[in-house]
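One structure is given below, encoded as structure tokens.
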Amino acid sequence: MTAPATATASAPQTSTTDQPAVPAVRLDGVVKRFSGEQGKRVARTIAGQAGDEVVAVAGVDLEIRDGEFFSMLGPSGSGKTTTLRMIAGFELPSEGRIFLHGEDVTTKPPFDRDVNTVFQDYALFPHMTVGENVAYGLVVRKVPGPERVTRVAEALRMVRLEGYDNRKPGQLSGGQRQRVALARALVNRPRVLLLDEPLGALDLKLREEMQIELKAIQQEVGITFIYVTHDQEEALTMSDRLAVFNHGRIEQLGTPAELYERPSTAFVAGFVGTSNLIRGEAAERLIGRPGLYTVRPEKIRMTEPGAAVGDDEIGADGTIRSVSYLGPDTRYVVSLEHSTELMVTQQNLDTSSMEALAASGRPVRLVWKRKHALRVNE
Ligand code: ADP
Ligand code: MG
């Protein structure tokens, strides 16, 4: 058992020459439209769509580095799975090109791509043992018996399931089944592994354990992982970089810290973590300028009404409208003038739940640093 990985970046390979490294995956102006009966069924879910056509992916340019843990994060219907399926070769783009390690694979079938996919629903063969499930891809590709045995053992060791060869999937827990699915993909030694919400069916505790394990496995094998999720915490903890999808487009791409600390749009600010948006009259009054701004709830300090405010700070008086005690912190909703509300989280350093909950209705002053009010786009 290796030590659990921390959230530090795993230093994707960079070229030692002046030439930029060839990306593991490159998408160039990729669009996917679905039409006809299939499209009709879902057309109403996208506002302003002409006829019976659905634009699932609306023009994506993307470069994923070799050896990187890359996530596609976004709400349901934002085009993540469709993008992944085009990289795998299960869907053909309507426009644009797809490159794997510099090779144009746009029209190549899935089996001609050095890529494997792990799905949420495991898709294990229930009548086969764990060993047979993992060996399946090697049998199909006529890998000789002795080599098969070694590679299956190696794959099971990677996912920490050595000795489970003879179990049936029905005798395993959900987390163990997902590891078998992972071993089944790793045994083929793909250069790129695609994972579509692979932990979605697991309960929270197991999911958190598997996040750490998946990251450790990725670092150990060193292959490129492309991970689809709608869970922002999952994407933040595991990824070297991530892309935030919305309506079939990438709204922002960067490291977890970049996206959290420098969201470029209101959507990213609200989807990656929680955030307050300040706009219109409230922006002019509080920030002193028009525009749209975001302030993270943990950057706001709550003090007594009338407390001093520094030159580099902004202060606003209001009333605590609601209190949620969350254990390590408490979340307050504070109403200011002009029907503006700000969410504030405070660590419970020495506040008890009783004290926190009793704060409802109290007048307070909110104070935050000017630099923590970030200008964002709509
Ligand atoms: P996500 O994985 O982010 O939830 P998807 O890529 O599955 O999003 O879907 C993006 C959009 O494309 C959705 O509106 C979805 O309903 C639509 N879509 C996906 N697959 C098909 C299909 N085979 N036929 C028609 N529409 C589809
Ligand atoms: Mg999906």
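Order of appearance sets the numbers: ligands from 1, and atoms from 1 within every ligand.
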State whether the shortest distance between N or O atoms of [X] and N or O atoms of ligand 1 falls below 3.5 angstrom.
X     : answer
Phe34 : no
Glu91 : no
Gly77 : yes

So, using side-chain contact (heavy atoms from CB on, under 4.5 Å) as the criterion, who are the partners of Ser353 when residues are at least two apart? Tyr325
Partner set under side-chain contact (heavy atoms from CB on, under 4.5 Å) for Arg189, not counting sequence neighbours: Arg151, Glu154
Taking only non-hydrogen atoms of Gly248, do any sit less than 4.0 angstrom from ligand 1? no
Below 4.0 Å from ligand 1: does a non-hydrogen atom of Gly74 turn up there or not? no
Atom indices of ligand 1, in the order listed, that fall short of 4.0 Å to a heavy atom of [X]:
X     : value
Pro75 : 3 (O)
Ser78 : 1 (P), 3 (O), 8 (O)
Thr82 : 5 (P), 6 (O), 9 (O), 19 (C)
Ser76 : 4 (O)

Just checking, Arg141 and Phe111: is the charged tip under 6.0 Å from the six-membered ring centre and within 45° of the axis? no
A side-chain contact here means heavy atoms from C-beta on lying under 4.5 Å apart; do [X] and [Y] qualify?
X      : Y      : value
Val295 : Tyr293 : no
Lys168 : Gln171 : yes
Val364 : Tyr332 : no
Val134 : Leu161 : no
Arg207 : Asp231 : yes

Which residues and atoms, counting only protein N, O or S, are under 2.8 Å from the Mg ion (ligand 2)? Thr81 OG1
Using distance only, find each side-chain donor-acceptor pair of residues 23-32 under 3.5 Å and give its atom names and separation, not counting sequence neighbours.
unit_1 : atom_1 : unit_2 : atom_2 : d
Arg26  : NH1    : Asp28  : OD2    : 3.0
Lys32  : NZ     : Leu92  : O      : 2.7

Heavy-atom count check: over 12 atoms from other residues, nucleotides or ligands less than 6.0 Å from Glu341 CD? yes
